[in-house]
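I have placed the structure first, in the form of structure tokens, so that the comments after it can refer back to it.
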Amino acid sequence: MKKLFFLAAAAIFAFTACEKQQSELNLEGNVKKATISGQLVYLQDHAGAATEEIAVANQRVYFEVAGTTYSGTAASGNLYFAATTDANGAYTISVPVGAKSIAGNLKTDQIKLDKDGKAIYLKNTTKAITVVADENRAEKIIAAIDNVLTDCQGSCTVKGKISYNAGVVEKGGVKEDGLVAAPAGVIVTIAAKFDDNNTRTFTTETKADGSYEIAIPCYASKTLNATVNIAQFEGTFTELVNNKYLTVKAIYYLATAKSATLKDGTQQVVDITAAKLSSEDPTTKNTKFKVKGEIKVACESYTYSKTDKDADGNYSKITGVEKSSKAYNTNINGGKFQIKLVHKEGKTDESSIIYDMTIGDKGKYEKEVAIYDTWKYSDVKVYIIIDKFAVDNYKHYYYTYQYEEDEIWKTNTYGWCEWTSTEGIKKDWSSSQNCAGTYELKAGGNTPDGFFDVTVDGTASFTMSADSKAALRGVGKANIDKPDGTHTLYMGGLTY
């Protein structure tokens with residue numbers, strides 16, 4: 001987790017998180033306070049005399065609270081309220097509480113003291129307590145002497161520099177790939193193994209140039225194995241996205257701690273290059289492009305003879321029927337549809353932006369859309385979508401055969417109508433019936449390139465209902481749909 005430190009007078013507030021919205025805790029509503037005060041001491045034994053309480057000055061005491069206590073998010077980090085002890089070891093910590101109680105841990109870090117030229121180490125302390133609004137709570141802290149560390153009168157210095165890859169950075173007026181120093185306040189942790197049962201952890205922070213340095217107690221004649229690690233921290237990452245440079249906040253970390261060997265009187269240099277754990281998706285959507293196209297819906301339509309004309313010179317002799325299409329319009333489903341922009345389709349981190357639309361004149365549409373600035377064009381697909389809706393006025397065409405009283409079938413020379421050439425009269429046996437079904441559409445998958453408009457056309461498909469199929473006249477077979485007791489045979493319709 002990243003650690004952000006805010007210094008104000010003698011108090012330190014630190015919060016760890018993995019997402020921007022989790023690190024921006026809003027404590028404005030927590031106007032009430034609880035106060036924790038007391039004294040930090042350790043016990044010094046004297047030969048032939050009573051044990052003496054020794055005040056510990058100029059040391060940090062802090063109250064650690066889970067970040068979710070205030071934010072209400074799934075933040076996994078902690079919030080710290082701290083104070084520094086005065087010359088008498090006294091401290092006072094103010095904790096925002098609001099209308100509820102706050103549970104946390106009152107802590108001190110490992111402490112090194114100088115007593116008559118000899119180093120004395122105190123163990124870190126922790127105590128779980130709960131505070132309530134307007135409470136003045138007294139807590140005396142007695143830190144035990146760490147005999148393992150106190151026996152170590154040697155010292156080894158561990159130092160180094162923390163860097164991270166910020167992507168494309170500008171150096172000397174030229175953009176290049178390179179490392180930059182970690183910010184001040186990154187927590188560096190050294191875990192030293194003194195024996196099989198005793199490992200001690202020491203912490204320090206980076207300076208503004210990313211460097212750190214800490215003295216670790218050592219035995220005078222024995223080396224110690226140690227590991228160096230860092231807490232997650234926030235930096236920036238810049239890359240070329242959609243033909244322009246984009247800088248976002250990112251979280252950096254060290255996947256595997258580095259090894260170090262500690263020996264009295266030496267310096268161990270451990271430099272660390274942090275890796276990018278995650279980057280933030282900004283809320284800005286300045287990357288825009290235009291989506292346009294035409295939407296149709298499926299329908300049936302007649303086909304006409306291209307050789308026979310009527311008295312007006314038009315090709316009006318019906319020769320059949322075909323599946324066709326017509327312009328989508330506001331009289332059909334209100335003309336509603338969506339433009340859907342899908343990012344990283346099919347992957348675990350898939351996401352999308354949806355624009356609710358109404359079709360324009362003659363089934364055409366045009367819309368400028370925007371995607372998040374971190375979305376690469378190559379990872380985006382554009383769809384037009386019409387959610388499934390029902391209709392009951394879909395026109396299904398068919399034609400009829402009739403027979404004379406002598407039960408001889410009349411020949412239908414032209415299929416859908418009969419012409420009397422001597423009189424120029426047409427007997428039209430075609431007809432239509434309304435049926436029910438559903439329309440829906442998903443078309444596209446086009447990828448924008450940042451230079452040209454994205455054109456997505458589509459035709460909504462029609463699915464006939466089972467009830468309509470059972471009741472239809474004319475389904476494309478000449479030997480069915482002959483009602484009993486009638487002289488009409490219905491046939492010629494398209495099959496669904």
Side-chain angles (χ1 to χ4, degrees), residues 1-7 12-25 62 64-68 71 73-80 107 109-110 124 158-169 177-193 199-214 216 225-239 241 246-262 268-282 344 347-349 351 374:
M1 268 61 70
K2 67 182 178 184
K3 281 187 177 276
L4 304 179
F5 285 80
F6 305 88
L7 302 180
I12 298 178
F13 301 84
F15 178 65
T16 64
C18 293
E19 296 183 6
K20 176 182 177 184
Q21 64 267 29
Q22 295 172 358
S23 64
E24 294 179 349
L25 289 182
Y62 58 96
E64 179 186 70
V65 182
T68 52
S71 67
T73 70
S76 58
N78 297 315
L79 189 65
Y80 302 89
K107 290 186 172 184
D109 296 320
Q110 205 165 64
N124 51 17
V158 181
K159 61 188 295 186
K161 187 171 184 177
I162 312 300
S163 304
Y164 69 95
N165 188 340
V168 181
V169 297
D177 291 336
L179 298 178
V180 299
V186 175
I187 302 299
V188 183
T189 303
I190 296 91
K193 187 174 183 180
T199 298
R200 298 291 187 270
T201 300
F202 307 87
T203 61
T204 186
E205 300 176 16
T206 56
K207 299 177 182 178
D209 63 353
S211 65
Y212 72 93
E213 184 174 327
I214 186 172
I216 307 295
N225 293 322
T227 57
V228 182
N229 208 340
I230 60 173
Q232 293 178 18
F233 65 92
E234 183 181 276
T236 60
F237 187 78
T238 302
E239 62 181 327
V241 179
L246 177 68
T247 300
V248 299
K249 291 181 180 179
I251 303 301
Y252 292 87
Y253 80 125
L254 180 63
T256 304
K258 286 200 167 187
S259 299
T261 301
L262 310 184
Q268 294 294 312
V269 178
V270 182
D271 294 327
I272 292 174
T273 300
K276 183 160 69 74
L277 175 64
S278 63
S279 56
E280 175 186 79
D281 275 343
K344 294 186 177 180
K347 297 183 179 180
T348 55
D349 55 347
S351 56
T374 48

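No hydrogens, no waters, no symmetry mates; every other heavy atom, side chains included, goes into these values.
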(request) Identify the heavy atoms of Glu205 and Gly185 that sit nearest to each other, and give their distance. (result)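 Taking every non-hydrogen atom into account, OE1-CA, 3.8 Å.
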(message) Show the nearest heavy-atom pair for residues Gln232 and Ile251, with the distance to one decimal.
(response)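 Distance-wise, the nearest heavy atoms are OE1-CG2, 3.5 Å.
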Separation between [atom1] of [X] and [atom2] of [Y], rounded to the nearest 0.5 Å:
| X | Y | atom1 | atom2 | value |
| --- | --- | --- | --- | --- |
| Thr201 | Asp109 | OG1 | CG | 11.0 Å |
| Lys159 | Tyr212 | NZ | OH | 10.0 Å |
| Thr203 | Ile190 | OG1 | CD1 | 8.0 Å |
| Thr273 | Tyr164 | OG1 | OH | 12.5 Å |
| Thr204 | Glu213 | OG1 | CD | 8.5 Å |
| Lys344 | Asp349 | NZ | CG | 4.5 Å |

(request) Kindly indicate whether the side chain of Ile187, heavy atoms from C-beta on, has any atom under 4.5 Å from the side chain of Phe233. (result)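 No, side chains not in contact.
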Please enumerate all residues that pass side-chain contact (heavy atoms from CB on, under 4.5 Å) together with [X], with sequence neighbours excluded.
| X | result |
| --- | --- |
| Ala192 | Phe194, Phe202, Ile216, Ala226, Leu262 |
| Ser351 | His343, Trp375 |
| Asp271 | Lys161, Val269 |

(message) Suppose we screen for side chain to side chain donor-acceptor pair (under 3.5 Å). Which residues come up paired with Lys107, at least two apart in sequence or across chains?
(response)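 Partners of Lys107 under the side chain to side chain donor-acceptor pair (under 3.5 Å) test: Glu64.
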(request) Determine yes or no for a side-chain-to-main-chain donor-acceptor pair under 3.5 angstrom, with Tyr252 supplying the side chain and Thr236 the backbone. (result)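 Yes, because the side chain of Tyr252 sits within donor-acceptor range (under 3.5 Å) of the backbone of Thr236.
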(message) Checking the side chain of Thr227 only, and the main-chain atoms of Ser259 only, is there a donor and an acceptor separated by less than 3.5 Å?
(response)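 Side chain of Thr227 to backbone of Ser259, a donor-acceptor pair under 3.5 Å: no, none is there.
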(request) Quick one: list whatever passes salt bridge (charged side-chain N to carboxylate O under 4.0 Å, His left out) with Asp209, sequence neighbours left out. (result)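 Asp209: no salt bridge (charged side-chain N to carboxylate O under 4.0 Å, His left out) contacts found.
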(message) Lys258: which residues meet the salt bridge (charged side-chain N to carboxylate O under 4.0 Å, His left out) condition with it, sequence neighbours left out?
(response) none
(message) For Ile214 and Val188: C-alpha separation, side-chain torsions, deciding distance, then whether side-chain contact (heavy atoms from CB on, under 4.5 Å) applies.
(response) CA-CA 9 Å; Ile214 186 172; Val188 183; over 6 Å; no
(message) Using the rule given for side-chain contact (heavy atoms from CB on, under 4.5 Å), can you reason through Ile230 versus Thr189, listing the C-alpha separation, both sets of side-chain angles and the distance that settles it, and then say yes or no?
(response) CA-CA 6 Å; Ile230 60 173; Thr189 303; over 6 Å; no
